[in-house]
There are 2 protein chains.
Amino acid sequence: MSITFVHFMLTKHRKQSILAALKRDGQVIAKALSASFEVSEDTIRRDLRELASEGLLQRVHGGALPSSPAVGDFVQRQQINTVAKLAIARKAVELMLPGQVAILDGGTTCVLLARHLPPTLEATIVTHSPSVAVELVNHPGIEVVMIGGRLFKHSMVAVGAAAIEAITHIRADVYFMGVTGIHPTAGLSTGDLEEAYIKRALAARAAEVVVLASTEKVNAASAYVIAEVTAANTVVVERKTPRALTDPLAALGLTILHA
Amino acid sequence: MSITFVHFMLTKHRKQSILAALKRDGQVIAKALSASFEVSEDTIRRDLRELASEGLLQRVHGGALPSSPAVGDFVQRQQINTVAKLAIARKAVELMLPGQVAILDGGTTCVLLARHLPPTLEATIVTHSPSVAVELVNHPGIEVVMIGGRLFKHSMVAVGAAAIEAITHIRADVYFMGVTGIHPTAGLSTGDLEEAYIKRALAARAAEVVVLASTEKVNAASAYVIAEVTAANTVVVERKTPRALTDPLAALGLTILHA
DNA sequence: ATTGACATTGCACGATATTGCACGATACGG
DNA sequence: CCGTATCGTGCAATATCGTGCAATGTCAAT
């Protein structure tokens, strides 16, 4: 039985090792794999064909390449679920009034919001995200204030004591907040502790808090709590988000905007 | 499995690398690609032809250019005099040592410097330019610290009292400074008063100051003085910059590096 | 224990892809 | 206008690919 198990694992383990090597080197070469595993190139080709048919890698002449380049980095996350986020961003833009001071969170939705600010709008944008700042470079009417601090690489926003300190000197009319979860009882939450601190500090400095949440975030909760849901005044959700999900939030006094 | 040293490159991967190099450098040269990939120029020409037919780049005599040159205000300035600035950036990169804390100015040359930091380098980069910060998003080994403040639109860097205040909490090994003029008697100068304040504050917080100056900046002076030239320790200039221009600076004790 | 179904592997072989070289054509710079 | 560098094409050599098939090993049922 153990012999059986070992043999079964050898094939599968070899494929896993191929994927590991691929992730490590960015490419694998059939000939080299053949030598490493001491199997024929035919076997390797078979493995690669099968892995390719499962979408785990991309078959090319001589070996294989990753199916999706650089998974998980910030630039790539910026691409997913774009249509929904774009709709939310466009709707949220309507909440900005001329002359206001607005805080923009990091996150892809807020970058889209920045990109779609009306070209004629004159206002001040406070942000702790360099991406948002860069997005506003060519906007003629927007004054940009950058919150500094150590940059949390995963989400590319300033975090830490320096950022918290800088935030205490800000007073804003509205804060557009991105979350990974908004839940009637669990509250507003996000996946990183440092980010939660920052968002809480930002929310405390804005007269109105607008939460931007795609459907999967509604009635969900992440590890770190930012604040009670009542800390938010308005929630912008997708058009397709069911009323059943948003009604409990509306019952708590929040304004629900469907994009 | 033993570590297999990849001594050659898959065709498709080579094409991806060509595109990456093109995006990074703004141009590629057939001969240089041939040498770096250790294949014949014919193969490179074939690659370039095929990539051009896919619309991924624009074929020109001797190499290739990006198919769609990015447009924009700041982005556009980023394109001018690229080769000279790139050479300076590449030379300046050599001054960075592992584990160091370095301050990077705003400006196109510093963005190029950030882009060309060795992928394996582990260090801390302090910057008041969101563009530089965004450039470092996907660098695995670089810790980024953002100096916040009001963003001066023309050059896209944080300026003002908040930025000055934040800088006082920093201590760096080296400061890569961009200037619009470096003159033996007029000193280091720039075109904006706020920027001059910032650069002066940054220079005061770094153990070593490296000035990056393309030829037209040497022996030139702008409206606002940052400091005496002796505030700088090293000046990186273009290879073509005449000794006659740099000798007066060297006489003042500055190290001159020709890119 | 034996047998048959099934999985995995290696080999043969024709098909396809990639590469480098030769050669004539074309573009660039002085 | 000419020399040089670069370019594109044809071609041959080599490498890689996919498929069919036989050999070996494993598993489950008898």
Side-chain angles (χ1 to χ4, degrees), chain A residues 1-22 25-67 69, chain B residues 1-2 4-22 25-67 69 81-84 87 215 238-240:
Chain A
M1 186 193 250
S2 63
I3 296 183
T4 304
F5 184 69
V6 167
H7 178 259
F8 174 71
M9 281 309 290
L10 275 179
T11 306
K12 195 159 186 173
H13 183 251
R14 187 179 57 231
K15 289 190 188 178
Q16 287 179 349
S17 299
I18 289 174
L19 290 177
L22 183 59
D25 302 337
Q27 66 170 26
V28 288
I29 289 156
K31 198 168 203 169
L33 291 172
S34 165
S36 297
F37 295 118
E38 297 178 356
V39 294
S40 73
E41 295 186 36
D42 302 72
T43 301
I44 295 297
R45 275 197 286 272
R46 243 184 291 257
D47 290 341
L48 294 180
R49 270 200 296 273
E50 290 165 13
L51 288 170
S53 73
E54 296 172 35
L56 271 42
L57 52 75
Q58 181 190 355
R59 191 72 170 87
V60 297
H61 207 91
L65 295 173
S67 55
Chain B
M1 166 182 169
S2 61
T4 53
F5 189 79
V6 179
H7 60 286
F8 70 99
M9 198 173 238
L10 296 169
T11 304
K12 194 151 185 177
H13 191 229
R14 187 181 56 230
K15 289 191 191 176
Q16 289 179 352
S17 299
I18 290 174
L19 290 176
L22 184 59
D25 302 340
Q27 64 170 33
V28 288
I29 294 165
K31 200 166 200 168
L33 291 173
S34 164
S36 66
F37 292 132
E38 296 179 359
V39 295
S40 72
E41 294 187 38
D42 302 74
T43 300
I44 294 297
R45 275 197 286 273
R46 239 185 296 258
D47 290 341
L48 294 180
R49 269 200 298 275
E50 289 166 10
L51 289 170
S53 75
E54 295 172 34
L56 271 43
L57 53 75
Q58 181 190 350
R59 192 74 171 83
V60 295
H61 213 88
L65 295 172
S67 55
N81 210 4
T82 306
V83 279
T215 301
E238 295 177 50
R239 179 175 298 280
K240 72 173 189 187

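So that the names make sense, note that chain A is the first sequence line, chain B the second, and so on, each numbered from 1. Below, all heavy atoms of this structure are taken into account, side chains as well, without hydrogens, waters or symmetry copies. Everything numeric in this text was worked out from a predicted model, so none of it was measured.
Regarding contacts with the backbone of dG10(C), a side-chain N or O of Thr43(A) is found under 4.0 angstrom from either OP1 or OP2. Proximity of Lys31(B) to the phosphate of dA5(D): no side-chain N or O atom is located under 4.0 Å from OP1 or OP2. At the phosphate of dT18(C), neither OP1 nor OP2 sits under 4.0 Å from any side-chain N or O atom of Arg46(B). Applying the 4.0 Å criterion to OP1 and OP2 of dT9(C), one finds that Ser40(A) has every side-chain N and O outside that range. Regarding contacts with the backbone of dT6(D), every side-chain N or O of Arg59(B) stays at 4.0 angstrom or more from both OP1 and OP2. Residue Arg14(A) places at least one side-chain N or O under 4.0 Å from the OP1 or OP2 atom of dT9(C).
When distances run from any side-chain atom of Ala30(A) to the nucleotides dG20(C), dC17(D), dG8(D), the shortest one goes to dC17(D).
The two residues Leu51(B) and Ile18(B) come nearest to each other via the heavy atoms CD1-CG2, 4.1 Å. Pairing each heavy atom of Arg14(B) with each of Ile44(B), the nearest pair is CD-CD1, 4.4 Å.
Distance, Asp47(B) CG to dT6(D) P: 17 Å, rounded to whole Å. Spacing between atom CD of Glu41(A) and atom P of dA15(D) amounts to 10 Å, rounded to whole angstrom units. Look at NE2 on His13(B): it is 22 Å from P on dA17(C), rounded to the nearest Å. For the pair Arg49(A) CZ and dT16(C) P, the computed distance is 16 Å after rounding to whole Å. For Asp42(A) and dA7(C), the CG to P distance is 19 Å, given to the nearest whole Å. Note: CD (Glu50(B)) to P (dT9(D)) measures 12 Å, nearest angstrom. Distance Ile44(B) CD1 to dG8(D) C1': 16 Å, rounded to the nearest Å. Protein atom CD1 of Ile29(A) is 14 Å distant from nucleotide atom P of dT18(C), rounded to whole Å.
Ser34(B) contributes no side-chain N or O that, together with a main-chain N or O of Ala30(B), makes up a donor-acceptor pair within less than 3.5 Å.
Under the 4.5 Å side-chain criterion, counting only non-hydrogen atoms from C-beta, Thr11(B) is not in contact with Val60(A).
Taking 3.5 Å as the limit, the base of dG20(C) and the side chain of Arg45(B) contain no donor-acceptor pair of atoms between them.
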With side-chain contact (heavy atoms from CB on, under 4.5 Å) as the test, would you mind laying out the steps for Lys12(B) and Arg59(A) before giving the verdict? CA-CA 10 Å; Lys12(B) 194 151 185 177; Arg59(A) 191 72 170 87; over 6 Å; no
